[in-house]
Amino acid sequence: MARLPILRYPDPRLHTVARPVAAVDERVRQLVDDMLETMYAADGVGLAATQLDVHERVIVMDISEQHDRPLVLINPEIVARSDETALAEEGCLSVPLVYDRVERPARVTVRALGRDGQPFELDAEGLTAVCVQHEMDHLVGKVFVEYLSPLKRERIRTKMLKKTRDEMRGK
């Protein structure tokens, strides 16, 4: 397994639409394993392949306290959404140390393939629903800050660009 570099907002590659996975083979299973290792090392609860500059429809998640219940979603599709919405604070490994509230459907049903290539459906609510929707946004090239006001988004963009410049200078 390997830890992979996570793209940082406003990297334009984060806006690439992911293509479906043609077959769940050893390459895809290795990608899943690397994504899980990367997510756990970054102390995240979800990661989309897009964030690693791999533009395929693959998501990993684990909202458990012990990081022992990984969930793999390959070619996920939301097949049902509740009319009821919920407001939740979100963060993103591609936008480190930035958190804000986003309104989304409170419950979703997702159809996907697992790491084994077998199809399944997941009824999600609470943090699981937030995480699924957040990561699926990445697969269509959308970052959670796009739900925020233009002013907030620009401030975050400026902050991330400055942080990247400072890191490149060794500060």
Side-chain angles (χ1 to χ4, degrees), residues 1-76 88-100 102 110 112-118 120 122 124 126-147 153 156-171:
M1 294 200 315
R3 290 184 190 171
L4 305 172
I6 299 171
L7 298 178
R8 183 179 292 158
Y9 180 82
D11 191 308
R13 294 172 290 179
L14 287 168
H15 299 293
T16 304
V17 175
R19 65 187 175 279
V21 171
V24 180
D25 54 15
E26 194 50 45
R27 180 192 65 80
V28 172
R29 284 188 287 276
Q30 183 63 57
L31 172 62
V32 164
D33 293 345
D34 292 345
M35 288 175 66
L36 284 166
E37 181 175 341
T38 302
M39 178 188 73
Y40 290 135
D43 202 27
V45 296
L47 186 66
T50 300
Q51 294 174 269
L52 305 173
D53 201 23
V54 176
H55 303 288
E56 293 183 89
R57 294 184 58 80
V58 180
I59 292 170
V60 297
M61 296 172 33
D62 189 343
I63 64 166
S64 70
E65 297 262 334
Q66 296 77 23
H67 301 299
D68 61 355
R69 292 198 331 253
L71 177 63
V72 176
L73 302 167
I74 299 170
N75 294 337
E89 186 166 271
E90 294 187 26
C92 182
L93 295 176
S94 290
V95 194
L97 305 175
V98 173
Y99 302 91
D100 214 315
V102 176
V110 182
L113 302 176
R115 186 184 183 281
D116 59 3
Q118 295 303 307
F120 70 96
L122 170 72
L127 181 56
T128 303
V130 170
C131 194
V132 164
Q133 293 172 85
H134 175 110
E135 299 308 332
M136 286 187 68
D137 276 350
H138 280 298
L139 300 181
V140 295
K142 190 169 186 174
V143 180
F144 92 99
V145 298
E146 293 172 48
Y147 289 98
R153 199 166 46 243
I156 292 167
R157 183 181 175 283
T158 301
K159 179 180 177 179
M160 291 296 112
L161 289 171
K162 181 183 182 318
K163 185 176 173 103
T164 300
R165 274 195 310 275
D166 290 349
E167 286 171 358
M168 292 177 82
R169 290 187 190 132
K171 290 185 178 179

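Bear in mind that the values here come from a model prediction, so they are computed numbers and not experimental data. Index from 1, following the sequence.
Between Ala48 and Met35 the shortest heavy-atom distance is C-CE, 3.6 Å. Of all heavy-atom pairs spanning Val130 and Ala88, the tightest one is CG2-CB, 3.8 Å. Contact between Val21 and Val58 at its shortest, heavy atoms only, is CG2-CG2, 3.6 Å. When every heavy atom of Val143 is checked against every heavy atom of Val95, the shortest pair comes out as CG1-CG2, 3.8 Å. Considering every non-hydrogen atom in both Ala41 and Arg3, the closest pair reads CB-NE, 3.3 Å. In plain terms, the two heavy atoms of Met39 and Val45 that are nearest each other are SD-C, 3.5 Å.
Of the possible donor and acceptor atoms, one in the side chain of Asp34 sits under 3.5 Å from a partner among the backbone N and O of Ala2. Between the Asp62 side chain and the Leu71 main chain, no donor and acceptor come within less than 3.5 Å of each other. Without hydrogens or angle criteria, Thr38 side chain to Leu4 main chain gives a donor-acceptor distance under 3.5 Å.
Looking at Lys162 and Asp166, a side-chain N of the basic residue comes within less than 4.0 Å of a carboxylate O on the acidic one, giving a salt bridge.
Here His138 pairs with His134 under the ring pair (Phe, Tyr, Trp, His ring centres under 6.0 Å) rule; sequence neighbours left out. With sequence neighbours left out, the ring pair (Phe, Tyr, Trp, His ring centres under 6.0 Å) criterion links Tyr40 to His67. In terms of the side chain to side chain contact (heavy atoms under 4.5 Å, CB included) criterion, residue partners of Pro76 (sequence neighbours excluded) are, by chain and number, Arg57, Ile59, Leu73, Val110, Ala112, Met136, Leu139. With sequence neighbours excluded, the residues that form a side chain to side chain contact (heavy atoms under 4.5 Å, CB included) with Asp100 are Phe144, Leu148, Lys152. Residues passing the side-chain hydrogen bond (donor to acceptor under 3.5 Å, both in side chains) test with Ser94 are Gln51, sequence neighbours excluded. When the side chain to side chain contact (heavy atoms under 4.5 Å, CB included) test is applied to Asp116, the partners found at least two apart in sequence or on another chain are Gln118. Every residue two or more places apart in sequence or in another chain that forms a side chain to side chain contact (heavy atoms under 4.5 Å, CB included) with Ala124 is listed here: Val108, Leu122, Thr128, Ala129. Residues satisfying the side-chain hydrogen bond (donor to acceptor under 3.5 Å, both in side chains) test with Asp137, not counting sequence neighbours, are Arg104, Tyr147. Residues meeting the side-chain hydrogen bond (donor to acceptor under 3.5 Å, both in side chains) test with Asp11, sequence neighbours left out: Arg13. In this structure, Glu65 has no salt bridge (Lys or Arg N to Asp or Glu O under 4.0 Å) partners at least two apart in sequence or on a different chain. The side-chain hydrogen bond (donor to acceptor under 3.5 Å, both in side chains) search around Thr164 returns Arg8, not counting sequence neighbours. Residues satisfying the ring pair (Phe, Tyr, Trp, His ring centres under 6.0 Å) criterion with His15, sequence neighbours excluded, are absent altogether.
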Assess the residue pair Leu7 and Leu52 against the criterion (side-chain contact (heavy atoms from CB on, under 4.5 Å)); give the C-alpha distance rounded to whole Å, side-chain angles, the decisive distance to 0.1 Å, and a yes or no.
CA-CA 6 Å; Leu7 298 178; Leu52 305 173; over 6 Å; no
Evaluation steps, side-chain contact (heavy atoms from CB on, under 4.5 Å), between Phe120 and Val72
CA-CA 11 Å; Phe120 70 96; Val72 176; over 6 Å; no
Test side-chain contact (heavy atoms from CB on, under 4.5 Å) applied to Val24 and Arg29, step by step
CA-CA 7 Å; Val24 180; Arg29 284 188 287 276; 3.9 Å; yes
Show your reasoning for whether side-chain contact (heavy atoms from CB on, under 4.5 Å) applies to Leu31 and Val54.
CA-CA 9 Å; Leu31 172 62; Val54 176; 3.9 Å; yes
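Here the CD1 atom belonging to Ile6 is positioned 12.5 Å from the CG atom belonging to Asp53, to the nearest 0.5 angstrom. In this structure, Glu146 CD and Tyr9 OH are separated by 6.0 Å, a value rounded to the nearest 0.5 Å.
A 4.5 Å side-chain heavy-atom check between Met160 and Pro10 finds at least one atom pair inside the cut-off.
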